[in-house]
Amino acid sequence: MKTISTEKLGLIVKEKREEAKMTKEALGLKTQINRNIIAKIEDKKHIPSIPQLNALMKELKFQFEDIIEEDASTDVFVAMMGEAATEKEKEGFEKMIARMLCISKYKKLRKAYKI
């Protein structure tokens, strides 16, 4: 799964802004984004809205692909299923996953009903 990397976004916005010799306030005026939001983006603590992201990409001349990363946290269960060597092993993984899901739902129900 591909996701927006706050790390990449923050670095690109800061680098491009500094290359253009712009302050956060100047960039904010050009993009209609509050300078505090720009600071949060650069600090990797905020992902802008789509219109804000489009304004930043246009003003700072970078592409959406520059801030995308492949989510490395592949579901461990999916990975395990792919590693199953035999049908019996695959069945074992399926049972384990089913039990874990049941336990998770049980815990949520207990919490909801304060049991």
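Basis for what follows: all heavy atoms, side chains included, without hydrogens, waters or symmetry-related copies. Keep in mind it's a predicted model, so treat the numbers as computed, not measured.
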List the atom of T31, the atom of E59, and the distance in Å for their closest heavy-atom pair.
CG2-CB, 3.9 Å

Should the heavy atoms of other residues, nucleotides or ligands under 6.0 Å from NZ of K14 be counted, would the total exceed 12?
no

So, do T23 and R35 sit near enough that their side-chain heavy atoms are less than 4.5 Å apart?
no

Where G10 and K44 come nearest, the two heavy atoms and their spacing:
CA-CG, 4.3 Å

Is there a side-chain contact between L60 and V13 (heavy atoms, below 4.5 Å)?
yes

Tell me, do K40 and D43 make a side-chain contact under 4.5 Å, heavy atoms counted?
no

Report yes if some heavy atom in the side chain of I33 is under 4.5 Å from a heavy atom in the side chain of P48; otherwise report no.
no

Apply side-chain contact (heavy atoms from CB on, under 4.5 Å) to the pair L11 and K8, showing each step before the final yes or no.
CA-CA 5 Å; L11 289 172; K8 288 180 179 181; 5.9 Å; no

Over all atoms of both residues, closest heavy-atom pair of F62 and L56:
CE2-O, 3.6 Å

Specify the closest pair of heavy atoms between L9 and H46, including all atoms of both residues, with the distance to one decimal.
CD2-O, 4.3 Å

On a heavy-atom basis, which atom in I68 and which in K2 lie closest, and how many Å separate them?
CG2-CB, 3.7 Å

Kindly indicate, with the supporting measurements, whether the criterion side-chain contact (heavy atoms from CB on, under 4.5 Å) is fulfilled by E7 and E69.
CA-CA 10 Å; E7 183 77 24; E69 68 183 0; 5.9 Å; no

Is there side-chain contact between E19 and K16, with heavy atoms separated by less than 4.5 Å?
yes

If you count the non-hydrogen atoms of other residues, nucleotides and ligands that lie under 6.0 Å from NZ in K30, is the total more than 12?
no

Of all heavy-atom pairs between R17 and L27, which one has the smallest distance, and what is that distance?
CD-CD2, 3.9 Å

Decide if atom CG of L109 counts as having more than 12 heavy atoms of other residues, nucleotides or ligands within a radius under 6.0 Å.
yes

